[in-house]
Structure formats: C-alpha cells, structure tokens
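What follows is one structure encoded as structure tokens, with my remarks underneath.
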Amino acid sequence: MTEQRIPFVKVQLDDDDIAAVEGVLRSGWLTTASQVKALEEELCAYTGARFVNAVNSATAAMHLCLAAWDLGPGDEVITTPYTFTATANVVLHCGATPVLVDVVDGTANIDPRLVEAAITPKTKAIIPVHIAGEPCDMDALMAMARPRGIKVLEDAAHAIGTLYRGRAIGTVSDAAAFSFYANKTMTTGEGGALATNDAELSARVRRLTLHGMSRDAYNRYGAGGSWRYDIEEFGFKDNLTDIAAALGRAQLVKLERFIEERTRVAQRYFANLRDEEHILLPVFSEENRQPWHLFMIRIKNETSPVQRDDVINQLAERGIATSVHFIPLHYHTAYQKLGRWAKGDFPVAERFFEGEISLPMYPAMTNEEVDEVCQALREILHP
Ligand SMILES: *Cc1c(COP(=O)(O)O)cnc(C)c1O
C-alpha cells in the first residue's frame, strides 16, 4: 500500500485540548454535568441561539428534535438524497416518511422549488442540509414553511460557523443540528448539539435525551440533590459526557482560527485550480460565510480524459487521500428495499455524485500540501 502523505482530514488536537480532557478525568465526574452546561452556554454565545442542547451526535440531535415535535406514522418530512444517511434514518426511526427532492446544481443543496412542489397536507417538517457548510436558501424555505405551520430542522453537521446572510446557523429556522464527530470542523470525538430559539422544544429535547426523566443525573447526585425522580415519558439515552464536552469547549475557543485556516486552504485551491478545464470548483455565495467543512470539486466526466474513480485511485497512488460526499441515499440497499425510489429519480444529485471528489481539507494543511494536491490533479487530468 502507498504511504499516505496527505490525509483527507487531520484532527487538530493541541495541548489545551488534552489538558481540558485530563482536567475532567482528574475531577472524578465523567458524565453530563458542568462541562456540558458550559459548552451549551458557550455555543449559545457563539451562535446567538437562545437554547443549545448538547447531545452525543448530530444524529441524536435530529432524532430528538423530530421526536419532540411528535412526528410519527403518516407524517412526511422533506429532505434530499444528497446527504449522509443519518438525515433520513431519523425520520424513519420516528415512523414518519422521508420525502426526497432533488438538489440545485453547484451547491448540491435542497432545491426550494422542488420542496414547494412536494408539500402535502401531511408535510410536518423540512430538513435542509448545508452541504460543505454552504447554507441552503433558508429565506425561501422559511417563507414556504412558516405560513403552513411546517417545521424546519437544519442538518447543520457541516455548518458550525456558517453565516447565512449575516445570521449564524442556529438562529435562522426552528432548530439546527451540529455535529462534533471526529472529522467535523470542531470535534468532541462523538457529539452534537441542537440549537433553537424555542424554549419548549429545548426543554422537551432535554427530557427525551435522558430517558424522559424529570431531572438530570447531575441534579440527582449533586450536593443538595435528591434520589427522587420521575419518568414523565419514554425517552432515549443520548446525553453527552463531560469528557467530550471539555474537548468541545477547548475546540470552540479555536473554531474561528480553524475556519480562517480552512478559508486559506480553500482560497489556495481556487487560485490553483481556476483554469483547470476538467474540474468544476465549489459554488458559494459571497453574501454568506462558508466555513469550508469540505472542499468538493467535480470531475467533468463527459469531457475529461480520466474519470472520477480513476482520479481518486491515482491520487491515492501518490499518497493523497480523498473522499466522496455523498453516495445518494436511494443508491443504498436499505433505501432500495423501501421500493420508493429508482436510479434516475434525482438527476442533479446523481450527476453531482458521479463527478464529486472531496479534496484534503484541514486547518494544519500547508500551502505546499495544497499545491501538491493541485499539481497531482493537473498531471492526472492531462495524461
Ligand atoms: C456527519 C454528518 C451527520 C451525522 O453526524 P453525527 O454527529 O455523526 O451523528 C449528519 N448529517 C451530515 C450531512 C453529516 O455529514
């Protein structure tokens, strides 16, 4: 196997991250308590959202949100096939029905016109996904959702740090779910959060996060706490640990710097690849701030002498790791078994996927490494 010289992502872990986790380990209190509460407050301050619930994944954040909205059988939730499976899994886990619509070319974000056409009396929610951190057309989505009483939950797994027309993601819709998975823009190893301005939603999510308990374990075991609790409804077990939250707090302090470095890397890719005829570069709008969670290029398979899969293999042979985001949901076995979608149903998403390569992107990536990736791409595309 070729030595991997340039990874696809490199987790940025510094001494302060390690010290933060060590502090929790030495404190003797490992799970949900003061660190989680502090992370929630700091995420409120960072996003401007009134409430943040830190949980153990973005998947959990989305599931809890839909559960708190009482979504169930007969309800429809509109999203796209161009996402990670979690986005639609959580709809199915509630017993509700995912309704998939195609994306816009360029960003691979949900197409608001197709959303409007897919709305039925059963539509309870819309889940737009901010692909690579570039925000969806939220004004258009909110304008069709609000008057009809349809909820909007943003899959903001890529979008911590995104500004949509000057507003932070987390304040734009009914709720937004962030991911702190290991390869996301900031990490807690495993973790996520739901941001909302809705006090009732946040309170219900908090209860559902921990078995439907009347009060959390910290209050039960802390000084002055009582052994008494009540199970008020049947909840889940999705709480974040203090170990993870401490890492998240240390990462959040550095998030703006991470985004600056990612922006530097993105700008260098753009400058380097601007004139490459066989590549389509990411599309983004200057009116937003894109945190560059991913740098997604597309190979023009129709005219390029080398196709996407070969480009990926040849980059790997040179020690350059890449990824592909995303295999459209309806290509997967479990979705095919639902018998609702066929190849060809989402032509924009399918064509986007067929050309897509996510290039190496991480804050510590040097300009020389970016140049090497670009030079390799040019050589591969002009054999
Ligand atoms: C990573 C990701 C998720 C899931 O995040 P977890 O924190 O691992 O649950 C959901 N949606 C998208 C678009 C993602 O990229």
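Remember, it's 1-based here, ligands and their atoms both numbered in the order they're listed.
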Side chains of Asn272 and Asp371: is there a donor and an acceptor less than 3.5 Å apart?
yes
Hey, which atoms in ligand 1 end up nearer than 4.0 Å to a heavy atom of Thr83?
13 (C)
For His325, which part has a heavy atom under 4.0 Å from ligand 1: side chain, backbone, both, or neither?
neither
Report yes or no: is the cationic atom of Arg308 (NZ for Lys, CZ for Arg) under 6.0 Å from the centre of the six-membered ring of Phe353, at an angle within 45° of the ring normal?
yes
For atom 10 (C) of ligand 1, which protein heavy atom lies nearest, and how many Å away is it?
Asp155 OD2, 3.6 Å
For Ala58, counting its heavy atoms only, list the atoms of ligand 1 lying under 4.0 Å from any of them.
5 (O), 6 (P), 7 (O), 9 (O)
Could you check atom 15 (O) of ligand 1 against the protein and tell me its nearest heavy-atom contact, residue, atom and distance included?
His158 NE2, 2.7 Å
Glu350 and His330: side-chain donor and acceptor closer than 3.5 Å?
yes
Step through the shown structure and confirm whether more than 12 heavy atoms of other residues, nucleotides or ligands are within 6.0 Å of CD on Glu287.
yes
Result of checking Leu208, Thr59, Asn56 against Asp238 for side chain to side chain contact (heavy atoms under 4.5 Å, CB included):
Asn56
Atom indices of ligand 1 within 4.0 angstrom of Val129 heavy atoms, with elements
13 (C)
The answer for which part of Ala157 has a heavy atom under 4.0 Å from ligand 1 is side chain
Checking side-chain polar atoms at under 3.5 Å, does Glu256 have a donor or acceptor matched by the opposite partner on Tyr46?
yes
closest protein heavy atom to atom 7 (O) of ligand 1 is Ser179 OG, 2.7 Å
Donor-acceptor pair between Glu233 and His211 side chains, under 3.5 angstrom
no
Counting from 1 in the order shown, the ligand 1 atoms closer than 4.0 Å to a non-hydrogen atom of Gly191 are 7 (O)
Could you tell me whether Arg340 sits above the aromatic face of Tyr335, with NZ or CZ closer than 6.0 angstrom to the six-membered ring centre and within 45 degrees of the axis?
no
Does ligand 1 have any atom that is closer than 4.0 Å to a heavy atom of Ala61?
no
Run the numbers for me: atoms of ligand 1, each under 4.0 Å from some heavy atom of Lys184, listed by number.
1 (C), 2 (C), 3 (C), 5 (O), 14 (C), 15 (O)
Out of Thr59, Thr187, Asn56, indicate the one that has the non-hydrogen atom closest to atom 9 (O) of ligand 1.
Thr59
